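What follows is a short report on a single structure.
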Amino acid sequence: ETGVTQTPRHLVMGMTNKKSLKCEQHLGHNAMYWYKQSAKKPLELMFVYSLEERVENNSVPSRFSPECPNSSHLFLHLHTLQPEDSALYLCASSPGWGFQETQYFGPGTRLLVL
Amino acid sequence: AQSVTQLGSHVSVSEGALVLLRCNYSSSVPPYLFWYVQYPNQGLQLLLKYTSAATLVKGINGFEAEFKKSETSFHLTKPSAHMSDAAEYFCAVSLGGSQGNLIFGKGTKLSVKP
């Protein structure tokens with residue numbers, strides 16, 4: 001595997017379910033990100049981890065819980081989601097957490113909450 | 001505060017015609033600017049980025065963008081559109097300082113007609 005991978009690619013869940021999204025980067029990067037992409041809206045940054053420490057949490061509801069066990073893996077744990085949480089969730093990584101860094105994106109997980 | 005405006009949510013051109021996608025930014029610090037492309041069912045891929053080294057930036061797939069400070073613009077161009085250019089294009093500005101967070105525009109969907 002190369003680049004940034006995400007699993008699953010598609011997920012359908014009920015509002016009472018608990019599920020997790022997984023992201024893995026094979027680039028040796030030190031920063032990882034979760035974004036939410038909804039139709040007609042800009043990408044919304046959700047969380048940022050730098051060297052496995054959370055450095056950004058953009059007022060995301062607590063029903064989304066990130067986890068970064070090491071610099072290569074990032075999880076997004078989901079529980080009691082709402083239909084408006086249906087979106088494409090994108091993971092990204094960058095060599096470091098700096099303003100000039102290029103972010104490399106995974107293909108995303110398409111989430112549908114029923 | 002930094003912000004990005006992309007004029008035109010949808011642009012349609014004929015194959016072989018000039019592609020022009022507009023991006024205007026607002027930034028309280030010298031900006032770092034990015035253009036990303038998203039093909040259907042894929043994540044975002046960096047096309048090019050401006051890091052103050054040169055105002056005309058060349059990217060992949062024949063795209064280029066010119067940074068114009070006086071106009072606070074960073075428009076993306078390609079002299080001759082190809083069918084494979086059909087995708088959604090996102091302009092982004094870096095928050096600057098020590099942070100690596102990006103502010104994205106809403107995106108412009110490019111269609112290429114044969």
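This is a predicted model, so every value here is computed, not measured. What you see below is based on every heavy atom in this structure, not just the backbone, and it leaves out hydrogens, waters and symmetry mates.
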Worksheet entry | Main-chain N/O of A:Gln103 paired to B:Tyr36 side chain as donor or acceptor, under 3.5 Å | yes

Worksheet item: Any sub-3.5 Å donor-acceptor pair from A:Arg9's side-chain atoms to B:Asn41's backbone N or O?
Response: yes

Do [X] and [Y] land in one hydrophobic cluster if side-chain heavy atoms of ILVMFWY residues count as linked below 4.5 Å?
{"X": "A:Tyr35", "Y": "A:Phe64", "answer": "no"}
{"X": "A:Trp34", "Y": "A:Leu11", "answer": "yes"}
{"X": "B:Val112", "Y": "B:Phe63", "answer": "yes"}
{"X": "B:Leu47", "Y": "A:Tyr104", "answer": "no"}
{"X": "B:Val11", "Y": "B:Phe74", "answer": "yes"}

Would you mind checking which part of [X] comes under 4.5 Å of any heavy atom in chain A, side chain (CB onward), backbone (N, CA, C, O), both or neither?
{"X": "B:Phe104", "value": "both"}
{"X": "B:Leu46", "value": "side chain"}
{"X": "B:Phe90", "value": "side chain"}
{"X": "B:Gln6", "value": "neither"}

Fill in: Reported CZ-to-CD distance for the pair A:Phe105 and B:Gln42, which is rounded to 0.5 angstrom
13.5 Å

Worksheet item: If you round to the nearest 0.5 Å, how far is CG of A:Leu45 from CG of B:Leu102?
Response: 8.5 Å

Worksheet item: What heavy-atom pair brings A:Gln37 and B:Gln38 nearest, and what distance separates the two atoms?
Response: NE2-OE1, 2.9 Å

Fill in: Side chain / backbone / both / neither for A:Thr102 at chain B, heavy atoms under 4.5 Å
both

Discussion item. Evaluate A:Leu43 against B:Leu44 for side chain to side chain contact (heavy atoms under 4.5 Å, CB included), listing each step before the verdict.
Written reply: CA-CA 11 Å; A:Leu43 268 74; B:Leu44 278 69; 4.0 Å; yes

Practice prompt. Can you establish whether the number of heavy atoms outside A:Gln82 located under 6.0 Å from its atom CD is more than 12?
Written response: yes

